[in-house]
Amino acid sequence: MTPKRTTLENLTFDNRFTRQLPCDKTTENTRRQVNHACYSRVNPTPVKAPALVAFSREAALLLDLEDTACRSDLFTRVFTGNHLLPGMDPFAMCYGGHQFGNWAGQLGDGRAILLGEVLNRQKDRWMLQLKGAGPTPYSRTADGLAVLRSSIREFLCSEAMFHLGVPTTRALSLTLTGEKVERDMFYDGHPRLESGAVVCRISPSFTRFGNFQILAARQENDLLKNLMDYTIETDFAHLGPLSRTSYERWFRDVCEKTMDMIVHWMRVGFVHGVMNTDNMSILGLTIDYGPYGWLEDYTPGWTPNTTDASGRRYSFKNQPQIALWNLGQLANALLPVVGHPEPLQEALDGAIQYFHRRQESMMAQKLGFKQFEPKTDRTLTAELLNILESAETDYTLFFRELSRLDITQKSKKTPFPAFMEKAFYAPDQITPAHSGRFNTWMAAYGERLARDRISHKKKKQQMDRVNPKYVLRNYLAQTAIDKAEKKDFSGVWELLDVMRRPYDEQPDKESFAAKRPEWARHKPGCSMLSCSS
Ligand code: AMP
Ligand code: MG
C-alpha cells in the first residue's frame with residue numbers, strides 16, 4: 001500500500017517544547033519582562049495579502065510536503081501567518097544574550113513565532129517558525145516585522161549553506177505580506193517604506209545559548225535545570241538517558257558542534273556578522289542570517305556588518321575566538337546547575353584543541369592533502385594565507401582554481417598558473433615580488449602534493465568537494481533583491497537553483513562563479529550591511 005500523501009491538513013504535530021516547559025502566565029500580547037517561563041503563547045498577526053515568492057523543495061520534503069502542497073493557496077496563508085493548522089500551538093521563546101560583548105538582558109523572539117513541531121514519516125522532529133509575522137511580548141520597541149530584502153537574504157543563505165554542507169537552520173518559504181514596513185537601512189535619518197515579508201524557518205530546535213543565560217541571570221535555577229534536562233533529552237538524545245555525567249558530556253558536545261560550525265564557516269568564507277550569544281544555536285547550527293557576508297578578497301579582518309565596523313568584533317578571523325567566548329558565557333550560565341566549574345573549564349580548553357585539529361584538517365582538505373602534517377603544513381598554510389592577503393585574491397576562486405594544478409604535468413615554464421589570474425582583484429598588485437613569492441610557495445606545495453602520491457584526478461575530486469565553485473556572493477544576492485523589489489522574483493529562483501549544487505560545474509551558470517564586479521565594491525548590500533532588517 002502506498003502511504004497516504006502528506007498534506008498540510010494531515011501534518012502530525014507533537015509540540016514537546018510547549019508541553020514540557022513552563023509557559024508565561026500572562027496571555028495578552030503586550031511587551032514585557034517574562035519571568036519564570038521559557039516562552040509565551042502568541043499568534044501571528046494576519047496580514048493583508050499573503051503571496052508566495054519562493055519555497056525550498058528540499059526543505060519541504062523534510063516535512064514530507066511535495067510541490068503541489070507548497071503551491072497551494074493554503075500553504076501561502078499558513079506560512080505568512082494568516083491561518084493556523086490543526087495541531088499548531090504558536091509561541092515565542094524567552095531568551096537573553098550578550099550583544100557585542102555586553103549583557104543585554106531579555107531579548108527573546110521579537111519577531112519570530114514558532115508554530116509547532118512536526119513529526120515527519122521518519123519520526124524526525126522539525127520546529128516551524130515564522131520570522132516577521134508580527135509583534136510578540138519580546139518585541140521591545142520594534143515592530144515584529146521583516147522586509148523583503150533581508151528575508152531574501154535569510155531564505156537563500158539558509159538553503160545555500162545547507163547545500164554547502166554547513167550546519168544551518170533551514171528555510172521552507174518566503175512570502176510577501178502585502179503590507180509596507182518602514183526601515184532606515186543605514187540608521188542615518190532616511191527611512192523608507194519597504195515590502196513586508198515572512199520566512200518560515202525550520203530546525204530541530206531553535207534553542208540558543210541565550211535561553212539558558214536569561215534563566216541564570218534571573219537566578220531561576222530550577223527552571224534552568226528544567227531546560228537543560230529537556231534539551232539533553234530532546235535535542236541530544238544520542239547522549240543517552242540523563243545521568244550524573246550528562247551535563248559535562250552535553251557541554252562538551254555543544255563545544256564541539258559549535259566549533260564544527262565555525263570550521264565550516266572558515267572553509268567556505270562565511271562571516272556571520274552578529275555572533276551575539278542570542279544568535280548561537282545550542283545545536284551548532286548557523287542561525288539568524290542578518291548582516292552576514294561572504295569573503296571576496298581574502299581579508300581576515302573583514303566584517304560585512306557596518307554596526308561592527310569600528311570594533312570588528314565579528315570579523316572573519318575573529319569567529320573562532322568569539323565562538324569560544326560565547327561558549328564561555330554559556331558555561332557561566334550553566335554553572336549554577338552543574339555546581340563546579342572544572343568540567344566546564346576542561347570542555348572549554350578542549351574546545352580550543354578541538355578547533356585547531358579540525359581547522360588543520362579542513363585546510364589539508366582544501367589543499368588536497370591526505371591529512372594535515374604539522375611539520376610541513378603549518379608553514380605552508382600560513383604562508384599561503386599571507387600571500388592571499390597581500391594582494392586582493394578571491395578566496396573562493398583561488399581554492400577552486402588551485403585544484404586544477406596538475407603536478408604530474410612537467411610543463412613548468414609558468415609555475416605561476418595563468419588560470420589563477422581570474423582570482424585577482426587588482427592585477428597591478430601582482431608585482432614580480434609577489435609572483436616570485438607565490439611561485440616559491442607553489443613549488444613547495446607541488447613537492448608536498450607529490451609526497452601524498454594521489455592521482456591528479458582523485459586529488460582534484462577531493463578538493464572540489466570542499467572548495468565550492470558557487471557561494472552566495474554578496475553582490476549576487478543584492479542583484480536578486482534589486483529585481484525582487486521590482487516584483488521580478490526570477491533572480492531569487494535562479495540563485496536558489498544554482499546554490500543547490502555549489503560543488504558542481506554548472507557550465508550555463510558560469511557567471512555566478514565570477515568574482516565581485518567593481519561596481520559592487522562599495523555598494524550598500526554588497527559589501528556593507530546593517531542590522532536593519
Ligand atoms: P538580532 O541580533 O537581529 O538577531 O536581534 C536581536 C533581538 O532583537 C532579538 O530578540 C530579535 O527578536 C529582536 N528584533 C530584531 N528585529 C526586530 C523587529 N523588527 N521587531 C521585533 N524584534 C526584533
Ligand atoms: Mg537574533
Side-chain angles (χ1 to χ4, degrees), residues 24 29-34 38-40 42 44-45 47 81 90-114 129-151 153-154 157-158 168-169 171 177 179-185 187 191-199 201 203 205-214 217 271-283 285-293 303-308 311 313-314 322 326 329 529-533:
D24 179 9
N29 189 2
T30 50
R31 288 129 205 252
R32 58 180 177 270
Q33 291 294 308
V34 174
C38 289
Y39 68 95
S40 309
V42 59
T45 305
V47 297
F91 66 101
M93 282 186 185
C94 180
Y95 54 79
H98 280 88
Q99 297 185 313
F100 296 92
N102 304 305
W103 176 243
Q106 178 181 301
L107 297 167
D109 287 329
R111 57 164 167 178
I113 296 179
L114 291 124
Q129 186 189 68
L130 302 183
K131 184 164 173 181
T136 75
Y138 308 95
S139 295
R140 296 177 292 155
T141 57
D143 56 13
L145 304 174
V147 295
L148 181 60
R149 89 185 125 76
S150 62
S151 304
R153 285 170 49 81
E154 172 130 29
C157 202
S158 307
T168 179
T169 59
T177 62
E179 298 182 0
K180 293 289 175 196
V181 175
E182 190 179 272
R183 287 288 181 272
D184 184 358
M185 192 160 127
Y187 307 112
R192 66 175 182 117
L193 288 178
E194 300 188 45
S195 298
V198 175
V199 170
R201 307 196 286 194
S203 174
S205 159
F206 283 95
T207 302
R208 302 143 188 272
F209 291 6
N211 292 63
F212 302 92
Q213 286 185 285
I214 191 71
V271 188
H272 182 282
V274 206
M275 288 178 70
N276 292 334
T277 55
D278 53 304
N279 292 337
M280 298 293 292
S281 140
I282 200 69
L283 284 177
L285 305 173
T286 314
I287 191 171
D288 280 7
Y289 291 89
Y292 67 82
T303 173
N305 184 358
T306 50
T307 317
D308 189 27
R313 178 179 172 85
Y314 298 142
I322 291 292
N326 289 343
Q329 299 312 313
L529 289 131
S530 74
C531 287
S532 156
S533 56

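FYI, side chains are in, hydrogens and waters are out, and symmetry mates aren't considered; it's all heavy atoms of this structure. Read the numbers this way: they start at 1 and go in the same order the structure lists the ligands and their atoms. Counting begins at 1 with the first residue of the sequence.
Contact annotation: Gly290 has no heavy atom less than 4.0 Å from any atom of ligand 1. Using a 4.0 angstrom heavy-atom cutoff, Arg183 counts as in contact with ligand 1.
Here is the list of ligand 1 atoms found below 4.0 Å of a heavy atom in Gly144: 18 (C), 19 (N), 20 (N), 21 (C). For ligand 1 and Gly108, the ligand atoms under 4.0 Å from any heavy atom of the residue are 9 (C), 10 (O), 11 (C), 12 (O). Close contacts of ligand 1 with Leu145, meaning ligand atoms under 4.0 Å from a residue heavy atom, involve 19 (N).
The shortest non-hydrogen separation linking Ala92 to Ala112 is CB-O, 3.9 Å.
Closest to atom 18 (C) of ligand 1 among all protein heavy atoms lies Ala142 CB, 3.4 Å. With hydrogens left out, the protein atom closest to atom 16 (N) of ligand 1 is Arg111 NE, 3.3 Å, a heavy atom. In terms of protein heavy-atom proximity, atom 21 (C) of ligand 1 is nearest to Gly110 O, 3.1 Å.
No side-chain heavy atom of Arg313 sits under 4.5 Å from any side-chain heavy atom of Asn305. Side chains of Leu529 and Arg149 form no contact here, defined as non-hydrogen atoms less than 4.5 Å apart.
Which of Lys131, Arg140, Arg208, Gln99 comes nearest to atom 8 (O) of ligand 1 through a heavy atom is settled by distance: it is Arg140. When the options Asn279, Asp109, Val274, Thr141 are ranked by their closest heavy atom to atom 4 (O) of ligand 1, first place goes to Asn279. Among Asp278, Leu107, Asp143, Thr136, the residue whose heavy atom lies closest to atom 5 (O) of ligand 1 is Asp278.
Applying the side-chain contact (heavy atoms from CB on, under 4.5 Å) test to Ile282 and every residue at least two apart in sequence or in another chain returns Ser205, Thr207, Phe209, Phe212, Thr231, Phe236, Trp250, Val254, Leu330.
Using modelled atom types, no side-chain atom of Asn276 and backbone atom of Asp278 make a donor-acceptor pair closer than 3.5 Å. Although no hydrogens or angles enter the test, the distance criterion places a donor-acceptor pair under 3.5 Å between the side chain of Gln106 and the main chain of Val34. Although no hydrogens or angles enter the test, the distance criterion places no donor-acceptor pair under 3.5 Å between the side chain of Thr45 and the main chain of Gly134.
Using a 4.0 Å cut-off between charged nitrogen and carboxylate oxygen, Lys180 and Glu182 do not count as a salt-bridge pair.
Protein-derived N/O/S atoms nearer than 2.8 Å to the Mg ion (ligand 2) total 2, waters excluded.
The one candidate from Ile287, Thr168, Leu114, Leu130 that meets the side chain to side chain contact (heavy atoms under 4.5 Å, CB included) condition with Arg201 is Ile287.
In this pair, Phe100 and Tyr314 present their aromatic rings tilted. The plane angle is within the 30 to 60° band.
Side-chain N/O atoms of Ser40 and Tyr138 include a donor and acceptor closer than 3.5 Å.
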